[in-house]
Amino acid sequence: MSGFCVGLQFENSCEIGVFSKLTNAYCLVAIGGSENFYSIFESELADVIPVVKTSIGGTRIIGRLCAGNKNGLLLPHTTTDQELQHLRNSLPDQVVVQRVDERLSALGNCIACNDHVALTHTDLDRETEELIADVLGVEVFRQTIAGNILVGSYCAFSNRGGLVHPHTSIEDLDELSTLLQVPLVAGTVNRGSEVIAAGMTVNDWTAFCGSDTTATELSVIESVFKLREAQPSAIVDEMRKSLIDSYV
Amino acid sequence: MVHQTIGSVLCCKCGIQMAPNAANMCVKCLRSEVDITEGLQKHVIIVHCPECDTYLQPPRTWIKAQLESKELLTFCVNKLKKNLKEVRLTHAEFIWTEPHSKRIKVKLRIQKEVLNGAVLEQAYTVEYVVQDQMCESCSRVQANPDQWVAAVQLRQHVPHRRTFFYLEQLILRHDAAVRAIRIKQMDQGVDFFFANRSHAVKFVEFLGKVAPVRSRHDKQLVSHDSKSNNYNYKYTFSVEICPICREDLICLPPKVAVTLGNLGPLVICTKVSNNIALMDPFTLRHCFLDADQYWRSSFKSLLSCKQLVEYIILDVEAVSSEVIVGGSRYVLADAQVARLSDFGKNDTLFSVRTHLGHILSPGDYALGYDLYSANNNDVELDKYKGLVLSDVILIKKSYEEKRQKKRGKPRTWKLKSLGMEVDDTAKGRADEEKMYSEYEQFLRDLEENPDMRFNISLYRNKEYQPSEMVSETDGEDAPAVPLEELLADLDLSDMDEGDGMKE
């Protein structure tokens, strides 16, 4: 059931990457005024991965505050104990939920990651970097994208491909591609918006985009993330096998 | 720094490849999205006066501009100024329209910021509807074409018009009468008519700076609006120039002679500007009288240029060394002279003291006043009891003989003239011949006196051809104007004369 959902709006805003976080193992959704937002995610993902409604530090901009992949989830220091506990309970056990004491608390803006590599803000603390490598099980690189230090906002990548800020030069694209080991493309989302990660959210088999996204942008996203051929069950089955293994 | 090549992205609307920009849309898509000319004025009405081809700038100024000229473009763009506050104007030009269509089209190119920082440039056309309406001054002229508001009546009570020829050239040089709507030549003077009192006042002040004058002014009520208490007047200025001219012989009244330091009662006037320069020819003393001083004790001249008699110099003997008096050189000398009418016929000789020792030599001709045979009827002269008058007072050297050789040949230079209305009655025609010879005399004066030429513009005469007979003249030439002083005259043609004095 691969796909692609467009026309999403969170309370009339097209920036759905702000209010949700999608990974290969789970999905976090903000608590919104109406249930529409949540129900779309649910309809798409419910039988594959858990979809969890939450807030972080009392706010709804959860997509930008936390960073995670299938191995773990990092939360800012503003997260309350109840939220932390709620998340620990709702998420699968192999996902390590960790609160990070970091001056730059918008982790979603500072860290962009998939299951193998992470790009971080250049001013991130040494301890945080080690924590990321530890909890998320990734290789960490400090980078900028088109001159912007908020790497988490201006690019979105999965294990299959990635989309970056449209003003990225060709040399930068090549360099990042080599680091991440995935094909990258410069493009826009939500009718020319350069803040990629805020306008869409993606994992290995699905992507969700805001309602302003044009057909051209959709085709670009579809091609770079290879969403046509993706089969979720295959990926999750692999994970399940390992789960069953560990149980026994 | 590694060289950065900008990659290309797809336009988010139409999908064509383009370089990324702030809006991430190709220009066509952006233009179809956003119309930056929305809300800008596209139709404007402007008012035009067909008589004087001017356009109204409210509330009251009229700007002269030709169709499709720079001034008209500036005017049109200024009309839209309020409108164009948020956008930036990069280019404006006219689109040709038929002149009698009463429409003017201007194409403007503007730039405005749209979306997130992308600047879009777009061109649009503004159409101006021209409405005809006569401006105030034209309607006033139409209603009564002879209407003047201020008049300056310039008079000098002397029998010749030399001063007016000279003044005419001064006025032309300084453009003092450009605002005059009519200039009329009258007996013993000239009348200038203006449409505005301040123009007349400015002209009178100009006259005060170049000649010793006294003036008075008056006004006459023409109409009166009782509701708004507006009064319309006609103003007249009566300006009188002092009757003392250059080369006049004057007998100073005793009081004046005393205030000037006992200057010998007979003096010659050497120069008239806004001061009168007087010189005693026997002592080479000089002094200045300004207009106020003169008019307090207005004295007349004893003998003037019409009474000059020609003399031939027989012998000259310098008495003093060269003296510089008021900018000119003089040498006091004793001379033996005889009247030209006497020369050869009888032996009447005069021994005189003269100030022209620096230029006279035996055999020269000179012009002077014949006091020996003059019948003086002057009140002031009578006041001096026991005054011995010299027989002859020489004034200037004469070049009459040399001029005879050059008779009929055109000069290398010419003068412009004001467009004056001349009196056409029978009396006027009789004076014309007299005027002509006086004008000729004036031109000769200009040739002889470089300091008179100082304030005047002389123009090169295109019709002059240097004659082949030049090589024949031997000895001294008659004085002529050197070529360097002449201005290259560009448009001394009929067109220019017609243009003369319009406001």
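Each chain gets a letter, A, B and so on, in the order its sequence line appears, and its residues count up from 1.
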Heavy-atom neighbours of [X] [atom1] exceed 12 at 6.0 Å:
X        : atom1 : result
Asn12(A) : CG    : no
Glu68(B) : CD    : yes
Gln66(B) : CD    : no

Any idea which heavy atoms bring [X] and [Y] closest together, and the distance?
X         : Y         : answer
Thr188(A) : Cys12(B)  : OG1-CB, 3.7 Å
Pro20(B)  : His167(A) : CB-CD2, 3.2 Å
Thr216(A) : Cys11(B)  : CG2-O, 3.2 Å

Atom group of Cys29(B) that falls short of 4.5 Å from chain A, counting heavy atoms: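 The answer is neither part of Cys29(B).
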
Structural part of Thr168(A) lying under 4.5 Å from a heavy atom of chain B: backbone

The criterion is side-chain hydrogen bond (donor to acceptor under 3.5 Å, both in side chains); which residues satisfy it with Arg88(B), sequence neighbours excluded? Gln111(B)

Which residues satisfy the salt bridge (Lys or Arg N to Asp or Glu O under 4.0 Å) test with Lys42(B), sequence neighbours excluded? none

